[in-house]
Amino acid sequence: MSKQKKQTATFRQTTETPSLPRAIHADNDIFVGIDWADQEHAVCHLDGEQRRRQTLDHSPEAIAEWVGQLTQLAEGRTIVIAIEQSNGGLFHALMQYPQLALFPVNPKQAARYREALANSGKKDDPTDAELLARFVREHHALLRRWKPEDQVTRQLGRLTELRRKAVELRKKTVQQLNSLLKLYFPQARAVAGELHQPLALELLRRWPTLRELQRANPATLRKFFRQHGHRNDEKIDTSIQQIREMKPLTTDSAIVAPNAQFVQMLVKHIKLFNQAIAEFDAEIHKLFAAHDDAAVFRSLPGAGAALAPRLLVAFGSDRSRFETAAEVQAYSGIAPVTKQSGKSRRVQRRFACSKFLRQTFHEFADHARKWSSWSKAYYNSLRDRGHRHHAALRSLAYKWIRILFRLWQDRKTYDEQLYLQQLQKKQVSYLKYLETT
């Protein structure tokens, strides 16, 4: 083994005992900007007055060797790395090295910084890497430094996000299926109900056209409906009679046959999505049940099996991550942005945020108003004042984040009656809507 390989092996062994980097000093530490790409990354090192540009291949071996060389060069100093992503292969590779202080930079921030220094609009990857290094060196105190959560929380976070993506993919496939059925078999929805449910999927698998469904033996159809949860024989007979009386939209086999074949393909895909979502749910349930903060988020009204783990991940397990509820409100995108200049003042939605995180709080607020009496009262008061549905939900989520932050900090479960008593003591105006909820 060569000397360089021995050094790399020794370096990898030291990364097995992680420890957070020390405080950052702009005049002493090494600052690195990385303009990432698919195959090759542009890198710039700033070490005092010295500047070094290079390219880095996107491979585990090249990244490990580069970090090893950078660690030897630092000689105990902190290595500060700015990169325009908080996810992705390169960021995942760098996460395993505890001597690196990682700063994910919002692409919009980097673009505005580049525009401020380059009036001509010139842009290239090596220059972008250097600008990122300078940006983090000059403004690291104002940026959010990446700090790893524990493994269970990170795994739970990734599972909940991927589950949501699976649900969205299923939704798109169901919409495609619905559009296709409208071309030749529009009655399918009335017969089968929700198209992602087992009854609809099995019905379309066995009888993808109206003609095939009508030719099925009544006893077979009766048995089929009973197997899928229908117990009222009278309603089953009525459904079978309605099927017999249905008129086809078209009998042109050039339209019916190809569409029916494609429908059966989509049915298989939706079944796979259903299975994958169920597997995600099982794994999420197992990890969530084992988490120390599960009881806090399980106690929330309307959270349920899907949203409770997502809310837990939104806050994390590190209590020092957020100092105030306002930080969570801004970080999640729930807090609006105020733009003011002279006599002009405008309040708008916050777009520079994690869409999945904002969606989590937004959906929770929508569920909470159905299970929490004060939430419904507050929502109704906003609607009466002219707020639109989603604007009212954002305002409700804004209030809920303050509650969640305190519960999270104190490790306490939610008590609806206790909170109602506090609202009554304060005599908040929207409590009058409790009578109508």
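Start at 1 with the first residue, then count along the sequence. Remember, it's a predicted structure, so these values are computed and weren't measured experimentally.
For Y398, the ring-ring contact (aromatic ring centres under 6.0 Å, His included) test picks out no residue, with sequence neighbours left out. Residues passing the salt bridge (Lys or Arg N to Asp or Glu O under 4.0 Å) test with D384, sequence neighbours excluded: none. In this structure, the side-chain contact (heavy atoms from CB on, under 4.5 Å) partners of P336, at least two apart in sequence or on a different chain, are V347. With sequence neighbours left out, the ring-ring contact (aromatic ring centres under 6.0 Å, His included) criterion links H390 to H362. Residues passing the side-chain contact (heavy atoms from CB on, under 4.5 Å) test with K426 are V428, sequence neighbours excluded. With sequence neighbours excluded, no residue satisfies salt bridge (Lys or Arg N to Asp or Glu O under 4.0 Å) with R394. In terms of the side-chain contact (heavy atoms from CB on, under 4.5 Å) criterion, residue partners of Q275 (sequence neighbours excluded) are, by chain and number, L272, E279. Under the side-chain contact (heavy atoms from CB on, under 4.5 Å) criterion, A133 pairs with L46, not counting sequence neighbours.
In E245, the CD atom is crowded: over 12 heavy atoms of neighbouring residues, nucleotides or ligands sit closer than 6.0 Å. The environment of CZ in R402 is sparse: at most 12 heavy-atom neighbours from other residues, nucleotides or ligands sit within 6.0 Å. By the neighbour-count criterion of 12 heavy atoms within 6.0 Å, atom NZ of K339 is sparsely surrounded, having that number or fewer from other residues, nucleotides or ligands. Counting non-hydrogen atoms of other residues, nucleotides and ligands closer than 6.0 Å to CZ of R211 gives a total of 12 or fewer. The number of heavy atoms from other shown groups lying within 6.0 Å of NE2 (H285) does not exceed 12.
Figure legend: K376 and Y433 shown without cation-pi pairing, the cationic atom not lying both under 6.0 angstrom from the six-membered ring centre and within 45 degrees of its axis. Relative to the six-membered ring of Y331, R144 meets both conditions, a distance below 6.0 Å and an angle of at most 45° to the axis.
When each of T160, V313, L162 is tested with I284 by the rule side chain to side chain contact (heavy atoms under 4.5 Å, CB included), just one qualifies, namely T160.
In summary, D233 and R226 engage in a salt bridge, as defined by a charged side-chain N under 4.0 Å from a carboxylate O. By the 4.0 Å N-to-carboxylate-O rule, E363 lies close enough to R310 to be salt-bridged with it. A salt bridge is absent between E168 and K172; no separation between the charged side-chain nitrogens and carboxylate oxygens falls under 4.0 Å. Contact check on R319 versus D293 returns a salt bridge, with a Lys/Arg side-chain nitrogen under 4.0 Å from an Asp/Glu carboxylate oxygen. For D237 and R222, the salt-bridge test passes: some basic side-chain N is under 4.0 Å from an acidic carboxylate O. Ion pair E202/K271 flagged as a salt bridge, since at least one NZ, NE, NH1 or NH2 atom sits closer than 4.0 Å to an Asp/Glu carboxylate oxygen.
For the pair R163 and E283, the minimum side-chain heavy-atom distance is 4.5 Å or more. Using a 4.5 Å cut-off on side-chain heavy atoms (C-beta onward), L213 and L221 make contact. Using a 4.5 Å heavy-atom cutoff, the side chains of K399 and W374 are in contact. Side-chain atoms of V191 and M246, non-hydrogen and from C-beta on, do get closer than 4.5 Å to each other.
The salt bridge (Lys or Arg N to Asp or Glu O under 4.0 Å) analysis of residues 187-199, with sequence neighbours excluded, yields the pairs R189-E194. Contacts classified as side-chain hydrogen bond (donor to acceptor under 3.5 Å, both in side chains) and involving residues 256-267 (residues at least two apart or in different chains) are not found. Pairs engaging residues 175-207 under the ring pair (Phe, Tyr, Trp, His ring centres under 6.0 Å) rule: W207-F224 [sequence neighbours left out].
Residues L266 and Q176 share a closest heavy-atom pair of CD2-OE1, 3.9 Å. The minimum heavy-atom distance linking L407 with Y414 is given by the pair CD1-CB, 3.8 Å.
Here the CG atom belonging to L56 is positioned 12.0 Å from the CG atom belonging to D35, to the nearest 0.5 angstrom. Distance check: L204 CG to I270 CD1 gives 8.5 Å after rounding to the nearest 0.5 Å. Taking OG of S429 as the start and CZ of R385 as the end, the distance is 7.0 Å to the nearest 0.5 Å. Note that the OG1 atom of T324 and the CD1 atom of I401 stand 11.0 Å from one another [nearest 0.5 Å]. Rounded to the nearest 0.5 Å, atoms CE (M265) and OG1 (T173) are 8.5 Å apart. To the nearest 0.5 Å, the span separating OH on Y378 from CG on L434 amounts to 14.0 Å.
At distances below 3.5 Å, at least one donor-acceptor pair connects side-chain atoms of Q187 with backbone N or O atoms of K247. A distance-only check finds no donor-acceptor pair linking the side chain of Q197 to the backbone of A192 [under 3.5 Å]. The main-chain N or O of S373 is found under 3.5 Å from a side-chain atom of E416 such that the two form a donor-acceptor pair. T250 places a side-chain N or O within 3.5 Å of a backbone atom of D252 that can act as its donor or acceptor partner. S375 places no side-chain N or O within 3.5 Å of a backbone atom of W371 that could act as its donor or acceptor partner. A distance-only check finds a donor-acceptor pair linking the side chain of R358 to the backbone of R350 [under 3.5 Å]. Judged by distance alone, the side chain of H41 and the main-chain N or O of W36 form no donor-acceptor pair under 3.5 Å. Panel note: side chain H92, backbone G88; a donor-acceptor pair is recorded below 3.5 Å. Side-chain atoms of D410 never come within 3.5 Å of backbone atoms of K412 as a donor-acceptor pair (strictly under, hydrogens ignored). Using a distance-only test at 3.5 Å, with no hydrogens or angles considered, a donor-acceptor pair links the side chain of S332 to the main chain of V328.
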Worksheet entry | ring-ring contact (aromatic ring centres under 6.0 Å, His included) assessment of W400 paired with F361 | CA-CA 8 Å; W400 263 110; F361 286 111; over 10 Å; no
Discussion item. Set out, in order, the CA-CA distance, both residues' side-chain angles and the distance that settles ring-ring contact (aromatic ring centres under 6.0 Å, His included) for W146 and F91, then state yes or no.
Written reply: CA-CA 11 Å; W146 179 79; F91 197 86; 5.7 Å; yes
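Using the six-membered ring where Trp is involved, F103 and H140 have ring planes that are perpendicular, over 60° apart on the 30 and 60° scheme.
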What side-chain donor-acceptor pairs closer than 3.5 Å can you find for residues 105-114, not counting sequence neighbours?
{"from": "N106", "atom 1": "OD1", "to": "K108", "atom 2": "N", "distance (Å)": "2.8"}
{"from": "Q109", "atom 1": "OE1", "to": "N106", "atom 2": "N", "distance (Å)": "3.3"}
{"from": "Y113", "atom 1": "OH", "to": "E138", "atom 2": "OE1", "distance (Å)": "3.0"}

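Of the N and O atoms on the side chains of E212 and T209, at least one donor lies less than 3.5 Å from an acceptor on the other residue. With 3.5 Å as the limit, one finds a donor-acceptor pair spanning the side chains of H291 and T153. Checking D318 against S320 by side-chain atom types alone, a donor-acceptor pair falls below 3.5 Å. Between Q417 and Q421, the side chains place no donor N or O within less than 3.5 Å of an acceptor N or O (distance only, hydrogens not considered). Side-chain contact annotation: Y379 with H389, donor-acceptor N/O pair under 3.5 Å present.
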